[in-house]
Trainee: 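First, the structure itself, so that you have it in front of you.
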Amino acid sequence: DSMSSSGGMEGVKVGRLTIGLVTREPHGAEKEKLVYRVVGRTPVGVGVHKSLPLTTLTEAQICDIFSGKVKSWNEVGGGDLKITVLTRNRDDINLDTMKARMGCFKDLRLPENAVALIRGSEVLDAIDKRPGMVGIVNIAGSLAERPNVKALAVGGVAPTVEAVKSGKYKFYAERGVVTLGQPQGTVRKFLDFVASAEAQKLLAQRGMIPVM
């Protein structure tokens, strides 16, 4: 089962997990004994239900939606449907990515009626089932598993792997692993495999941009 990055790091520190798949670097007390290695990058973007007649939003429109200033999709050309903003209650690296890379998002406060969920998968599941909902989501293999979810372009630039590689699309998050100390034995062999051309090709097929 998936868990938060904090949970993954804690699991490795206490010896319950051998490798933790995480979406951010360790910080504070987490840095003690943990070794972090970047595996790849994935585009991050605005996820909505595919029934919305929208393909792109400007940065200003995105910030107006996630601040609660815009309350109906009709205001941005998306039909007469109430907007429900989704977020996560912790470790929301996708939201943090927008805050770091989109100017108007930096100091944005989500509306009081935003719905906080635990996992990114729950955000995607909610959008998949209920038109009107919107969230900042990771755009990788998990999106393909939810046929009713689509990612909007930002300023006309679609959140594709190619656009991230070229620098045209600037919203992406890192994916990495943590181990207890430097990887040894079987763990090292596995991470060496992850860095191999064969594994990098597999990661790319899942929508990840390899960096190892």
Side-chain angles (χ1 to χ4, degrees), residues 2-6 8-9 12 19-27 30 34-48 50 55-59 62 66 86-88 91-103 105-106 119-125 127-128 134-147 149-179 183 187-212:
S2 63
M3 61 178 69
S4 67
S5 290
S6 296
M9 292 184 193
V12 172
I19 300 174
L21 180 62
V22 297
T23 57
R24 61 171 175 81
E25 293 186 48
H27 53 66
E30 293 171 337
L34 291 182
V35 175
Y36 172 76
R37 181 185 300 195
V38 179
V39 173
R41 293 171 177 161
T42 51
V44 168
V46 180
V48 298
K50 73 173 185 180
T55 57
T56 185
L57 291 171
T58 66
E59 292 190 15
I62 292 170
F66 281 89
L86 301 174
T87 185
R88 293 174 62 186
D91 276 348
D92 196 344
I93 186 63
N94 299 323
L95 199 65
D96 290 345
T97 294
M98 285 303 195
K99 288 181 177 292
R101 299 178 180 273
M102 184 177 288
F105 223 113
K106 182 178 179 182
R119 299 180 179 88
S121 59
E122 292 175 332
V123 173
L124 287 166
D125 287 341
I127 296 170
D128 188 59
V134 61
I136 303 297
V137 300
N138 180 260
I139 302 163
S142 56
L143 201 64
E145 297 164 6
R146 294 166 178 88
V149 180
K150 67 179 179 181
L152 299 178
V154 179
V157 181
T160 63
V161 168
E162 292 74 20
V164 171
K165 285 182 177 180
S166 69
K168 292 180 180 179
Y169 190 85
K170 58 186 177 180
F171 311 105
Y172 61 83
E174 287 186 349
R175 290 290 184 268
V177 294
V178 290
T179 56
V187 174
R188 182 174 178 177
K189 288 180 181 179
F190 172 73
L191 293 179
D192 286 344
F193 167 72
V194 171
S196 70
E198 179 183 358
Q200 296 286 287
K201 184 177 180 180
L202 292 173
L203 289 172
Q205 290 173 353
R206 295 289 293 174
M208 186 176 289
I209 305 162
V211 298
M212 294 183 71

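Note that the structure is a prediction, hence the values are computed from the model and not measured.
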Trainee: With Thr42, which residues qualify under side chain to side chain donor-acceptor pair (under 3.5 Å), at least two apart?
Mentor: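 In terms of side chain to side chain donor-acceptor pair (under 3.5 Å), with neighbours along the sequence ignored, Thr42 is linked to Asn138.
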
Trainee: What's the spacing between His27 NE2 and Leu34 CG if we round to 0.5 Å?
Mentor: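 One finds 11.5 Å between NE2 of His27 and CG of Leu34.
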
Trainee: Please list, chain by chain and in numerical order, all residues satisfying side-chain contact (heavy atoms from CB on, under 4.5 Å) with Ala151, sequence neighbours excluded.
Mentor: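 Once residues adjacent in sequence are excluded, the partners of Ala151 under the side-chain contact (heavy atoms from CB on, under 4.5 Å) criterion are Ile139, Leu143, Pro159.
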
Trainee: To check you understand the geometry: which heavy-atom pair defines the closest contact between Phe105 and Met98, and what is its length?
Mentor: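 Taking Phe105 first and Met98 second, the nearest heavy atoms are CB-O, 3.5 Å.
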
Trainee: On the six-membered ring of Tyr172, is Arg101 placed so that its NZ or CZ lies under 6.0 angstrom from the centre and within 45° of the ring axis?
Mentor: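 That pair qualifies as a cation-pi contact.
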
Trainee: Please list, chain by chain and in numerical order, all residues satisfying salt bridge (Lys or Arg N to Asp or Glu O under 4.0 Å) with Lys99, sequence neighbours excluded.
Mentor: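 Applying salt bridge (Lys or Arg N to Asp or Glu O under 4.0 Å) to Lys99 gives none.
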
Trainee: Considering non-hydrogen atoms only, spot the tightest contact between Ala158 and Ala163 and give its length.
Mentor: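 Closest approach of Ala158 to Ala163: O-CB, 3.4 Å.
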
Trainee: Could you tell me if the side chain of Val123 sits less than 4.5 Å from the side chain of Arg88, heavy atoms only?
Mentor: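 Yes, their side chains come closer than 4.5 Å.
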
Trainee: Do the side chains of Ile127 and Val134 get nearer than 4.5 Å, heavy atoms only?
Mentor: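 Of all side-chain heavy-atom pairs linking Ile127 with Val134, none is under 4.5 Å.
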
Trainee: Does Tyr36 have any side-chain contact (heavy atoms from CB on, under 4.5 Å) partners at least two apart in sequence or in another chain, and if so, which?
Mentor: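 Once residues adjacent in sequence are excluded, the partners of Tyr36 under the side-chain contact (heavy atoms from CB on, under 4.5 Å) criterion are Val22, Glu25, Pro26, Val38, Glu174, Val178.
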
Trainee: Could you list the residues that satisfy salt bridge (Lys or Arg N to Asp or Glu O under 4.0 Å) with Glu30, not counting sequence neighbours?
Mentor: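 Salt bridge (Lys or Arg N to Asp or Glu O under 4.0 Å) check on Glu30 returns Arg24.
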
Trainee: Evaluate the side-chain proximity of Met208 to Val39: yes if any heavy-atom separation is below 4.5 Å, no if none is.
Mentor: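 Val39 vs Met208: side chains touch.
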
Trainee: Provide the full list of salt bridge (charged side-chain N to carboxylate O under 4.0 Å, His left out) pairs with a residue in residues 163-172, sequence neighbours left out, each pair given once.
Mentor: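 Residue pairs with at least one partner in residues 163-172: Glu59-Lys170.
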
Trainee: Going by the rule side-chain contact (heavy atoms from CB on, under 4.5 Å), which residues pair with Val187 if we only count those two or more places apart in sequence or in a different chain?
Mentor: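 Checked Val187 against side-chain contact (heavy atoms from CB on, under 4.5 Å); matches are Thr18, Ile19, Thr179, Pro183, Leu191.
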
Trainee: Between Ile62 and Val154, is any pair of side-chain heavy atoms under 4.5 Å apart?
Mentor: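 The answer is yes; the side chains approach within 4.5 Å.
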
Trainee: Of all residues at least two apart in sequence or in a different chain, which pass the side chain to side chain donor-acceptor pair (under 3.5 Å) check with Thr87?
Mentor: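 For Thr87, the residues satisfying side chain to side chain donor-acceptor pair (under 3.5 Å) (neighbours in sequence not counted) are Asp92.
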
Trainee: By salt bridge (Lys or Arg N to Asp or Glu O under 4.0 Å), which residues pair with Asp125, not counting sequence neighbours?
Mentor: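 Here the qualifying residues are Arg146.
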
Trainee: Using the side chain to side chain donor-acceptor pair (under 3.5 Å) criterion, which residues pair with Tyr169? Sequence neighbours excluded.
Mentor: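 Expected list: none.
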
Trainee: Could you pull out all residues at least two apart from Lys189 that satisfy side-chain contact (heavy atoms from CB on, under 4.5 Å)?
Mentor: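 Result, side-chain contact (heavy atoms from CB on, under 4.5 Å) vs Lys189: none returned.
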
Trainee: Closest approach of Thr97 and Ala173, non-hydrogen atoms and distance?
Mentor: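 Minimum heavy-atom contact is OG1-CB, 3.7 Å.
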
Trainee: Are the side chains of Leu152 and Thr56 in touch, meaning some heavy atoms are under 4.5 Å apart?
Mentor: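 The answer is no; the side chains never approach within 4.5 Å.
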
Trainee: Quick one: pull up CZ in Phe66 and CG in Leu86 and give me the separation to the nearest 0.5 Å.
Mentor: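 Going from CZ on Phe66 over to CG on Leu86, the span is 8.0 Å.
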
Trainee: Can you tell me how far CZ of Phe171 sits from CD1 of Ile136, rounded to the nearest 0.5 angstrom?
Mentor: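 Between Ile136 CD1 and Phe171 CZ, I get 9.0 Å after rounding to 0.5 Å.
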
Trainee: Mind checking what makes salt bridge (Lys or Arg N to Asp or Glu O under 4.0 Å) contact with Glu162, not counting sequence neighbours?
Mentor: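 Salt bridge (Lys or Arg N to Asp or Glu O under 4.0 Å) check on Glu162 returns nothing, list empty.
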
